[in-house]
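Both backbone and side-chain heavy atoms feed into the values below; hydrogens, waters and symmetry mates do not.
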Amino acid sequence: MKDTDIKRLFYAHLFCVFSIILTTFTPSLFLEDFSVLETHLTWMCICSVCVTIVNVVLYLLIKPNPSSKRSSISHKISRLLKSCVYFFISCLLYHAIIVLYGAPLIELMLETFLFAVLLSTFTTLPCLCLLGPNIKAWLRVFTKNGATSIWDNSLQITTLSSVVGAWLGAFPIPLDWERPWQVWPISCTLGATFGYVAGLLISPVWIYRNRKQLTYKSR
Amino acid sequence: MSSENLSNMSVFLISRMLKALVLFFLAWVCFLFYAGIALFTSGFLLTRLELTNHSSCQELPGKGPLVGGGRGEPGACWTAPRFSRAVIVLIDALRFDFVQPWPGGLPAQYPYLGKLGSIQHLLETKPQHARLYRFLADPPTTTMQRLKALTTGSLPTFIDAGSNFASYAIQEDNLIAQLNNTGKRVVFMGDDTWKGLFPEAFSQAFFFPSFNVKDLHTVDSGILEHLYPTMDRDDWDLLIAHFLGVDHCGHKHGPHHPEMAKKLNQMDQVLQTLVERLENDTLLVVAGDHGMTETGDHGGDSKPEVMAALFLYSSLPLFPRAPPEDPEVVPQVNLVPTLALLLGLPIPFGNIGEVIVDLFSGEVDTQPLATALAQASAYHLNAQQVSRFLHAYSLAAQDLPPEELQRLQDLFSSASSEYKRLLDQLKTEEVREADVQALISQLRLFLQGARTACTETWARFRPARMIGGTVLLAFTCLLCLVTSGLTSSPDFPFLGLLLKSVAWGLVGAALLAGGLIVGRTGLDPALLCSGGAATSLVAFLWALKWRGKPPMAIFLPGPLPILVLLFLRFAALFSDSFVLAEARAAPFLLCSLSLFVVAQLHWEGRLLVGGPTASCLSSPTASVARREGPRALGLLVGLLLCVRLSSLFHRCPEETPVCQSSPWLAPLSSVGGGQAKNLWYGACLGALGVLVLSVRFWLRRCGNLNSSAPSILFVRWGLPLMALGTAAHWALASGSDEAPPRLQALVSGAVIGLPRVVLGLAAIGLGLLLWQPVTVLVKTGASSPNPIVVPFVGPPASQADLNYVVPQIYRRMQEALRGKLAGGGGQTPLALAAYGLGSVYSAAVVTTLALLVFPLLLLHTERIILAFLILFLQSFLLLQLLAAAVGTPAGSPGPFSVPWLAISAWALTATQTFYSTGHQPVFPAIHWNAAFVGFPEGHDSSPVLPALLVGANTFASHLLFSVGCPLLLLWPFVCEGHSSTKKKKSLTSGTEEEGEKEEPLMEMRLRDAPHHFNAALLQLGLKYLFILGVQVLACVLAASILRRHLMVWKVFAPKFIFEAVGFVVSSVALLLGVALVMWVDRAVGSWFKQLILSQER
């Protein structure tokens, strides 16, 4: 493993963090009455779109995993379509899990779904970018000895921290503080976002500190 | 041979002894917990018996003449009324220093000082018309308790024994009831707490919601809208206005906020207007029910909380003397007899206050002697009433100290005779004023003594006991934790340690008893028990300490996620919001836990093996694991679905606009529309059927249903019968109103009889199960040339694949047999097969649960059956998932251990079940109707039976899950059997030998290692007790640390009571469950012996 790889990872992550910070501040320049808490749905949409674009652009620029040999146009298109379908399925799955966790089934359906989309953006989308629409590879990455590059490790960390952040975000909801951010699903989306950002920042540091222990088997 | 027998015998003895030891040890630990709970409770929960006697106009409280008594005068009862009407302005949390006169011109340090200028003005300009007192409230300083005190004149504690928990309505004699009895009209406006306390008592009432503490103005503006118009009318005799703004301002901002100044200014305006409109015959009372701390809270007993203000005013001169420099201190209860006598009412029966004497001076400008006589008369009447109450109370309850009662009685009789003597003297000659004053001080001494005695008993926390109880609980939890880690070490001297500590405990208790007897303080059972418990606990921990430092790992229950989970559960009990939201939090945590289990399985590569890494792993397991993956995922999805569905039966702790209880909790009889009712009834019947069938199906799958044991016959025929009885009872109970009149008698008879029949059947079933718990079918096959037992015997052919035999046991048995038979020679050994031996323990436990669930179902409303079904399914899925996660304990001869993860998940499921069967840990949410199942006419005097029924309803989940707790240990063994048959099915053409080799031992593995089996049961019990104990500990800590919290009597104290009672129920049920498994084990032992004997013949 080279230090340049870690550096690339670090800059890519910094770019992601920067884009998330931008989504909270720049829209108020164009939109009236924009604020993260009050027009939360708008922010969620903007944030998901922005993170998606940044991820895709970064992937195209960096190309961490050299793609397969076949690279015909039709293959690429089918991959793209497959990715879109996977992303949509993951949104539905997240939605189902969130509802099973106790979110209201019928009321606030749009909010819940957007939360699922946001979570998918933080977790599924990087998987799609890095690993492609390949469930087997995904399952492999999320096992104990499954990581084959620092990119896989960072994927593990950011995914875990986003999910844990969303999970922790549910805790303030029952409290009687009556703050605007306690409304469903704001605390959870904020938790997921903070978790994602934390994961982005932690993973290069963690990988750098553990670079001696991390040995990857060649695929 | 004989030595083998001997060693067998010794093994047998050890296992027997260990069994008794395990039970004994668990019982001892439970006792330690109980002692801690009892000690804490005796210091925290103050109890008092509520008497339902009422004073009446016609009946004086004692013998003796009256002075100035107006019996016979119109509108008079015990005395003539001084005022015909009164206005009570209750300003919630009106602390004394809010009202305290503030020298004009001085800048106020705090926003609340000197804001009530109208009171100050009246005090200065009309000293004979107005008077300010320090109004001393008794703890607990919560509004509801204070309102009770202000109307009954008593000291309400948190639990007033004998009160009807279903509603908060005051059962005791009180001012409002007396007013109603004498035909006076009471108009109320303000806090809707009064609505619950005095239902239907007001001639006119304007209630406003009080639950939103953040709302400062709704109640006050509502009152102001109605107050002045009502004042101007004359269709009332008592007007009560209860303002909440000041209290809510305290809770929201604290007393130092500028908002408080605004609120007090508003109150000042109100008072000024009121005084202007006050008529001559009307008394104005302005009072605070309690104070507040510097942070605006109340509930405890600190000085700012108990020091409220009382202000009295009348348009006519009222007081003979000018007010003292420093306002007098008046206990809150004193207002009750004062108001009663001033309005010409009887003093409420349970009052222990004394009259405020300044108000009983007779006419102003009279002789000092006449004033003194009038005061003595009021005091005497008051003393008579208090004496009558003390007498009645001491007959009904024993908690007041008898010596003190005797002393008070002596005091009263001497004062009473002195009073009579003075009255006689008055007829003939002059009476000296000094004599009357002496009498007054004697009567006051009696009244104050009586109140002090009651306060000592009813209204004081005992911090030493609370701390002691908490410490005892904490150390018992520690003991559970440490010992559960040590059970696996075989040379740990449990017996010696236990006997030693119990002996120490007895010595400690005896010493304490001796000390108490010498100190003449009376033997308090809670104190004695906890003394003994503490001594034995210290002895045990001391001995542990001397055995060397245990490894640090013992002190941490499980891996990090379990620690986090336990910490969350612990910490959540300190927040009233989370206590209220536990119904949602428990399923949330359970979902997280099961998701975590599956995620961890995947992380460790045990969930899905396939793809590129499959080749790295050993290939034989791969095929199994490949099928395990989707199965575990399926289990997870099913579990999550069950958890979500069960929350449909949620009940709110309090009906608010935000939270609506599930409509499905209502009984079927309340469902309107025949169609809907029939549909629901059909669904309930279906659920019943599924429940019965699933139990049968499971038993059949394990092979236990083939046995001819009476308990299995009962499962075959008795369970459907019980289901039928339940269904019939539901049909009758939900449609009894529609029954034709000539069948009415039959229906009402059946409504009484059916639940009892079901209960009787359940009892019979349990009896049969205990009588012959071994549910194994033995088949003696034809002799075979091969002396080794044939692993699988054909008949019953269709079931053959589903039934399991346990050949290895037989192999060993057979060897013993062969050894014996070898001498005899010549005989062909027999082939044997036993069906269901591998699941004999869990079959007994599952049968018990099925038998228990029917009576419990009857106690709930009909549609809860759906919740029960979901929860049964859910716990089945959970057990399967946990068994998959733990991994089959293949081949390991022990030590067996149930991981913390499984036990915390089980405890979480129990909590979730409590909530999703429509319960909440608050008293109004208890299902009182359960007391009338099988007893529709109500009960006779004994409260034991209804309490049992309601308790069984409330703690059904605790009961079921604790009895079922041993399943956590047994299930992986049961699953071992299932997975191996599956394997065999897939390898139909596989070689015979392999099938034979892999024949599962299942639960017989446990029997093979009796020591480990007992140790595992002990560990399981200790771990479960630890998890429950930590919950109780958290409740105890929360209740004692937050005893000043606004919600302590509304949330924390009820939660503590429910948790403590739930703990007692759970621990007893756990002991029973463990004992049941041991009983079965014993029976299996004797069954083997019999089998060998029968083979010998």
Handout entry: Over all atoms of both residues, closest heavy-atom pair of B:His602 and A:Phe142
Key =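 So the minimum-distance heavy-atom pair works out to CD2-O, 3.0 Å.
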Practice task
State, to 0.1 Å, how close A:Phe171 and B:Phe578 come at their nearest heavy-atom pair, and which atoms those are.
Solution key: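 Reported closest heavy-atom pair: O-CZ, 3.0 Å.
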Check whether [X] gets within reach of chain A through its side chain, its backbone, both or neither, counting any heavy atom under 4.5 Å.
X	value
B:Leu590	neither
B:Leu641	both
B:Ser575	side chain
B:Leu589	side chain

Problem - Crowding at CD, A:Glu38 (>12 non-hydrogen neighbours, <6.0 Å) - result: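 No - once you tally the heavy atoms of other residues, nucleotides and ligands closer than 6.0 Å, there are 12 at most.
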Close contacts, [range] versus chain B, judged by heavy atoms under 4.5 Å:
range	answer
residues 93-103 of chain A	A:Val99, A:Leu100, A:Tyr101, A:Gly102, A:Ala103
residues 104-120 of chain A	A:Pro104, A:Leu105
residues 190-199 of chain A	none

Practice task
For side chain to side chain contact (heavy atoms under 4.5 Å, CB included), just list the numbers for B:Asp576 and A:Asp176, CA-CA rounded to whole Å, side-chain angles, deciding distance to a tenth of an Å, and then say yes or no.
Solution key: CA-CA 9 Å; B:Asp576 58 314; A:Asp176 57 357; 4.0 Å; yes
Handout entry: Partners meeting side chain to side chain contact (heavy atoms under 4.5 Å, CB included) with B:Phe596 (sequence neighbours left out)
Key =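 Partners of B:Phe596 by the side chain to side chain contact (heavy atoms under 4.5 Å, CB included) criterion, ordered by chain and then number, come out as B:Pro561, B:Gln600, B:Leu901.
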Exercise for the section: Count the heavy-atom pairs under 4.5 Å between each of B:Ala599, B:Ala581, B:Cys591, B:Ala585 and chain A, then report the option with the highest count. Expected result: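 Looking at each of B:Ala599, B:Ala581, B:Cys591, B:Ala585 in turn, B:Cys591 comes out on top.
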